[in-house]
Amino acid sequence: MTAHTAIKNTRKADHPIHAQFTSRFSPRGFTEKTLTEAEVMAVLEAARWAPSASNIQPWRFAYGLRGDAAFGKIAEALVPFNRSWAEKAAALVVVASASTAQKDGKANPNPSHTFDAGTAWGYLALQAHHAGLVAHAMAGYDGDVLAKNLKLPEGYVLHCVVAVGEHGDIEKLPEALQAREAPNDRLPLAQIVAHGKFV
Ligand SMILES: Cc1cc2nc3c(=O)[nH]c(=O)nc-3n(C[C@H](O)[C@H](O)[C@H](O)COP(=O)(O)O)c2cc1C
């Protein structure tokens with residue numbers, strides 16, 4: 001039995017939405033399955049189709065496949081907790097974006113670049129879910145190490161490292177992680193939405 005059949009999803013949407021939004025979650029257990037370049041490209045393809053301000057597409061991605069040198073360079077930058085489980089993922093994808101955009105030969109600030117990169121990560125995560133994979137974003141990494149290891153170009157900002165792979169059996173995780181390997185809840189809409197004002 002795989003972890004996803006053993007794990008209970010108690011999430012309940014208060015309004016009718018597509019099941020993908022409550023069935024996707026960020027687990028930490030991975031099987032030993034590797035991913036091909038084509039499988040990784042398919043999740044990045046979804047990110048590519050995210051909307052962005054003026055269609056600037058400020059996002060950039062760097063990835064490594066478990067076992068290759070690029071994967072090692074990304075894993076090296078993770079904080080020890082994240083590294084402990086994420087180095088078993090099939091792929092590590094790093095999301096960055098450009099803080100400026102070229103217009104009339106000039107670099108102008110692009111205030112939407114972080115918002116747009118976040119949308120791209122969301123698309124990536126949902127595509128991974130549709131492909132029978134899981135994607136887990138991490139902000140816990142050393143940005144200096146990551147920027148140096150991946151030769152982050154000037155003017156780009158790092159956002160997260162995403163562990164991608166096939167969801168593994170919960171039994172194979174250390175006990176402390178087993179307890180956290182379940183979909184979590186969300187704030188009620190009333191706490192985040194109001195008519196004509198912010199809550
Ligand atoms: C930008 C970002 C950074 C995150 N950083 C970490 C992290 O460093 N380590 C970790 O275990 N989970 C991390 N998470 C996972 C979140 O804790 C998780 O997405 C959140 O609890 C909601 O759960 P769900 O994704 O399962 O729905 C991160 C998620 C995002 C979007």
Side-chain angles (χ1 to χ4, degrees), residues 1-31 33 35 38-61 63 82 85-86 88-97 110-140 157-170 173 177-199:
M1 193 194 287
T2 58
H4 14 314
T5 52
I7 287 168
K8 201 158 182 273
N9 188 344
T10 56
R11 286 176 169 174
K12 197 185 151 300
D14 291 338
H15 296 270
I17 53 170
H18 195 287
Q20 66 178 342
F21 298 111
T22 48
S23 57
R24 181 219 59 83
F25 81 112
S26 304
R28 296 187 177 84
F30 293 94
T31 66
K33 180 184 154 57
L35 288 180
E39 286 170 311
V40 176
M41 287 307 143
V43 297
L44 292 170
E45 178 72 23
R48 176 184 167 226
W49 289 101
S52 60
S54 302
N55 201 21
I56 286 168
Q57 305 160 66
W59 43 72
R60 294 293 181 272
F61 307 94
Y63 71 93
N82 284 335
W85 56 267
K88 298 185 178 76
L92 291 174
V93 176
V94 182
V95 184
S97 63
N110 174 12
S112 308
H113 77 102
T114 56
F115 186 77
D116 295 341
T119 309
W121 133 252
Y123 275 37
L124 182 163
L126 286 174
Q127 177 58 33
H129 183 53
H130 284 290
L133 302 170
V134 294
H136 192 143
M138 293 166 278
V157 178
L158 291 166
H159 298 299
C160 67
V161 179
V162 186
V164 182
E166 187 179 60
H167 191 190
D169 193 334
I170 191 169
L173 278 172
L177 291 185
Q178 286 186 24
R180 298 168 66 176
E181 193 79 340
N184 52 17
D185 208 353
R186 292 296 186 269
L187 297 171
L189 266 190
Q191 219 174 306
I192 58 169
V193 183
H195 187 183
K197 60 179 175 128
F198 287 103
V199 184

Okay, side chain of Asp116, backbone of Ala53: is any donor-acceptor separation there less than 3.5 Å?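 Indeed, once roles are kept as given, a pair shorter than 3.5 Å links the two residues.
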Mind checking side-chain contact (heavy atoms from CB on, under 4.5 Å) for Arg24 and listing every partner two or more places apart, or none if nothing turns up?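 Partners of Arg24 by the side-chain contact (heavy atoms from CB on, under 4.5 Å) criterion, ordered by chain and then number, come out as Ser26, Ala125, Leu126, His129, Arg186.
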The criterion is side-chain contact (heavy atoms from CB on, under 4.5 Å); which residues satisfy it with Pro188, sequence neighbours excluded?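 With neighbours one apart ignored, the set is Gln191.
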State, without any angle test, whether [X] and [Y] hold a side-chain donor-acceptor pair at a distance under 3.5 Å.
{"X": "Asn184", "Y": "Arg11", "answer": "yes"}
{"X": "His113", "Y": "Gln57", "answer": "no"}
{"X": "Thr31", "Y": "His167", "answer": "no"}

Close side-chain approach of [X] to [Y], heavy-atom, < 4.5 Å:
{"X": "Thr22", "Y": "Lys12", "result": "no"}
{"X": "Glu45", "Y": "Trp49", "result": "yes"}
{"X": "Val94", "Y": "Cys160", "result": "no"}
{"X": "Val161", "Y": "Val93", "result": "no"}
{"X": "Val134", "Y": "Glu166", "result": "no"}
{"X": "Asn110", "Y": "Ile56", "result": "yes"}
{"X": "Arg60", "Y": "Ser97", "result": "no"}

Specify the closest pair of heavy atoms between [X] and [Y], including all atoms of both residues, with the distance to one decimal.
{"X": "Val199", "Y": "Ala190", "value": "CG2-O, 3.9 Å"}
{"X": "Ala90", "Y": "Leu35", "value": "CB-CG, 3.5 Å"}
{"X": "Trp121", "Y": "Ala135", "value": "CH2-O, 4.0 Å"}
{"X": "Ala50", "Y": "Trp59", "value": "O-CH2, 3.1 Å"}
{"X": "Ala120", "Y": "Ala47", "value": "O-CB, 3.5 Å"}

Can you tell me how far [atom2] of [Y] sits from [atom1] of [X], rounded to the nearest 0.5 angstrom?
{"X": "His15", "Y": "Ile17", "atom1": "NE2", "atom2": "CD1", "answer": "9.5 Å"}
{"X": "Phe30", "Y": "Leu173", "atom1": "CZ", "atom2": "CG", "answer": "9.5 Å"}
{"X": "Met41", "Y": "Phe61", "atom1": "CE", "atom2": "CZ", "answer": "11.0 Å"}
{"X": "Ser52", "Y": "Phe115", "atom1": "OG", "atom2": "CZ", "answer": "11.0 Å"}
{"X": "Thr10", "Y": "Asp185", "atom1": "OG1", "atom2": "CG", "answer": "6.5 Å"}
{"X": "Met138", "Y": "Arg28", "atom1": "CE", "atom2": "CZ", "answer": "9.5 Å"}

Please assess Ile7 against Phe25 for the test side chain to side chain contact (heavy atoms under 4.5 Å, CB included), listing each intermediate value before the final yes or no. CA-CA 11 Å; Ile7 287 168; Phe25 81 112; 4.1 Å; yes
Show the numbers, then the answer: is there a side chain to side chain contact (heavy atoms under 4.5 Å, CB included) between Trp85 and His136? CA-CA 11 Å; Trp85 56 267; His136 192 143; 3.5 Å; yes
For Leu92 and Val162, run side chain to side chain contact (heavy atoms under 4.5 Å, CB included): C-alpha distance rounded to whole Å, both residues' side-chain angles, the deciding distance at 0.1 Å, then the answer. CA-CA 6 Å; Leu92 291 174; Val162 186; over 6 Å; no
Determine whether His159 and Thr114 satisfy the following criterion, side chain to side chain contact (heavy atoms under 4.5 Å, CB included), listing intermediate values before the conclusion. CA-CA 8 Å; His159 298 299; Thr114 56; 3.5 Å; yes
